[in-house]
Amino acid sequence: MPGAGYLQALGASLREALQQQFGQDAGPVSWEAAPASVREARHADLTCHYAFHAAKLFHTNPRELAYALQAAIPDSLGVSTEVAGPGFLNFSLEAASAKAILRDVFQNPAGYGHWQQKQARQVNVEFCSANPTGPIHLGNARGACFGFVAANLLEAWGHKVSREYYFDDFGTQVDTFALSLLARYREALGQESVFPEGGYQGEYVREIGQRAAQGHFEWAGLPFKNLLVELRRFGLQEMARAHRQTMDGLGIRFDTWFSQSSLERDGFLRRAQVQLEDGGFLYPRDGALWFRSTAFGDDKDRVMIRSNGEPTYFAWDIAYNLHKRERGFDWIIDVWGPDHHGYVMRNKAAFQALGYNADDLTLLIYQLVRWFEQGEEVKMSKRTGEFLTLDEVTEAIGRDAILFFLLDRSPDSTLDFNLDLARQQSLSNPVFYVQYAYTRAFSVEREAIQRGLAIGEIDLETCQAYGPAEHRLLAKIALAPEEIATAAASLLPHRLTGFSKELSGDFHSFYHDHRILGVDASLQQARLNLVSAFRITLGNILTLLGLSAPETM
RNA sequence: GGGCCCUUAGCUCAACGGAUAGAGCAUCGGACUUCUAAUCCGAUUGUUGGGAGUUCGAUUCUCCCAGGGCCCGCCA
């Protein structure tokens with residue numbers, strides 16, 4: 001895993017030292033910003049717990065190990081170090097390290113914070129995947145944001161990632177949708193129509209029916225079956241377009257739109273069934289075909305083909321995973337809502353029964369979002385057509401605010417979204433704190449360029465000028481690759497929103513206390529470089545989070 | 001009956017097994033003639049739901065208990 005920046009180089013020297021001493025690799029070093037108390041009392045900028053980690057591994061004393069590590073750090077890396085407490089290793093930045101950090105950023109600005117993996121995995125991240133029988137509603141919003149950013153993080157971490165949307169355009173729900181549409185179509189043509197029982201009553205079905213009637217009144221002459229086929233196709237097309245627009249509105253993009261009907265067309269359901277059958281994992285009971293998921297730890301076996309001959313949803317999942325593997329993905333990630341947690345075990349079971357490693361299938365479950373409007377929870381029912389669409393909320397609150405709000409929390413915790421509050425007080429959303437920091441830095445650069453100043457010319461002399469506030473900010477900039485890797489490895493976007501707030505906070509604080517332009521030329525150059533490095537780093541993080549980086553606010 | 005998640009400051013939430021548990025909001029008090037005050041600085045706020053265990057060290061890991069949310073179909 002090639003290093004992504006200065007801290008990775010520094011970490012490599014520690015790792016190498018232990019390798020030589022013990023003849024065994026203790027793994028990569030992880031870094032964090034020095035806690036406030038340490039920063040103030042000891043003037044340290046960064047800290048690592050590597051001595052503890054390694055001491056456990058080598059059954060030795062962490063404090064002694066910390067001293068050994070300290071001695072192994074080459075002077076050329078430009079940090080002063082100290083051992084504290086039972087084995088903390090603290091680092092203070094100096095001119096040479098400041099220079100190295102800045103050079104990392106300016107060498108490849110757009111790629112700063114990104115990694116290269118020696119063995120990049122082919123990752124398929126599937127998320128959102130709303131039913132095509134209605135617009136994307138709020139229930140899908142968290143999964144959409146979470147999946148998108150998780151994919152971005154894995155990509156930045158050095159993997160090959162494909163973002164996939166699964167269009168569930170097959171089965172009884174779509175039949176019901178088509179029948180509902182048929183009623184609306186006839187209604188629009190002024191014909192007698194009976195709305196199907198349990199049909200989709202939402203206004204959007206009426207609108208699609210009207211568009212179908214306006215564009216294709218000639219279908220009315222078709223035999224019932226053909227008419228239904230046309231309307232079904234038309235309706236699905238309209239819904240797919242609507243879903244795409246909704247995702248565009250949030251700035252969420254997909255690499256692949258995959259439909260269930262193509263699974264059917266290519267016979268993957270059948271192939272999965274045969275493969276499981278050959279493995280001896282299927283057996284008939286009560287007229288249905290069962291998958292022996294208990295062989296892999298599930299608490300009961302699961303039906304794959306129902307007694308009426310129809311496959312279950314689970315069967316399609318199996319076929320889909322097979323299809324993904326055969327497309328060359330060696331890591332499959334699905335983002336699911338909390339109501340799906342019961343399906344994790346059986347899917348992993350089937351995945352193994354197909355001959356794959358359970359660890360190569362990751363099923364991410366995020367917890368529920370409850371939406372409140374005027375003090376009451378907004379309940380959603382697609383059948384009755386009572387729901388708030390994601391489009392409506394995006395329009396009311398803004399895409400950046402909704403993304404940040406949904407991302408800035410652990411997926412394990414339930415989330416209450418107060419829509420009235422969000423509409424009124426959207427300015428208190430922390431996304432604006434972060435974006436404002438970007439804007440401020442950008443405006444300094446703009447002004448500097450107008451004054452004919454060069455940005456990014458780094459030499460050791462200007463780097464001498466940095467004091468505690470600058471070192472603090474530099475340390476955060478140096479930590480960005482680390483934070484991105486951590487967020488990616490744990491698949492937790494909220495770690496990165498948290499870091500973006502800290503990074504921005506350090507900048508705001510620095511900006512307030514330090515004049516950048518119009519000071520002594522050398523100092524001006526030093527500070528300008530820092531501002532620009534910060535702006536680049538934050539910009540990359542905003543991009544990963546799917547947020548815009550505004551040049552003005 | 002079983003499963004997943006949660007319980008941390010007045011409220012909403014953070015905290016790869018690490019140092020004095022942190023932010024925002026709220027409350028109170030300060031700071032703009034400058035590169036954007038959507039900002040900054042300070043004050044106040046804790047028996048991390050309860051108990052036991054593991055260890056140099058536990059909010060974090062294990063077990064027990066209490067409370068809350070969600071799920072347990074030959075629906076998708």
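Values in this document were obtained by computation on a predicted structure and should not be read as measured data. Below, chain A is the first sequence line, B the second, and so on; all start at residue 1. Computed from heavy atoms alone, side chains included, the values below leave out hydrogens, waters and symmetry copies.
With A/E82 as the fixed residue, the side-chain hydrogen bond (donor to acceptor under 3.5 Å, both in side chains) test singles out one of A/R42, A/H43, A/Q70: A/R42.
Here, B/G50 and B/G42 have their C1' atoms 37 Å apart, quoted to the whole Å. B/G46 sits 11 Å from B/G22 when the C1' atoms are compared, rounded to a whole Å. Taking atom P on both nucleotides, B/G51 is separated from B/G29 by 39 Å, rounded to a whole Å.
Regarding contacts with the backbone of B/C40, a side-chain N or O of A/Y433 is found under 4.0 angstrom from either OP1 or OP2. Within the structure, a side-chain polar atom (N or O) of A/R409 is placed less than 4.0 Å from OP1 or OP2 of B/C13.
Contact detail for A/T486 and A/R495: the closest heavy-atom pair is CG2-CD, 4.0 Å.
Base pairing annotation: B/G57 forms no Watson-Crick or G-U wobble pair, as no partner gives both donor-acceptor distances under 3.5 Å. Partner assigned to B/A19 is none, using Watson-Crick or G-U wobble distances below 3.5 angstrom. Of the nucleotides present, B/C28 is the one that pairs with B/G42 by Watson-Crick or G-U wobble criteria, both distances under 3.5 Å. Pair assignment for B/U48: none, as no Watson-Crick or G-U wobble contacts are both less than 3.5 Å. Of the nucleotides present, none pairs with B/U36 by Watson-Crick or G-U wobble criteria with both distances under 3.5 Å.
Taking a cutoff of 4.0 Å between a charged side-chain nitrogen and a carboxylate oxygen, A/E164 and A/K324 do not qualify as a salt bridge.
Counting only heavy atoms from C-beta on, A/L517 has its side chain closest to B/C35 among B/C35, B/C40, B/C4.
The aromatic rings of A/F268 and A/H323 stand perpendicular to each other, their planes meeting at an angle above 60°, with 30° marking the opposite boundary.
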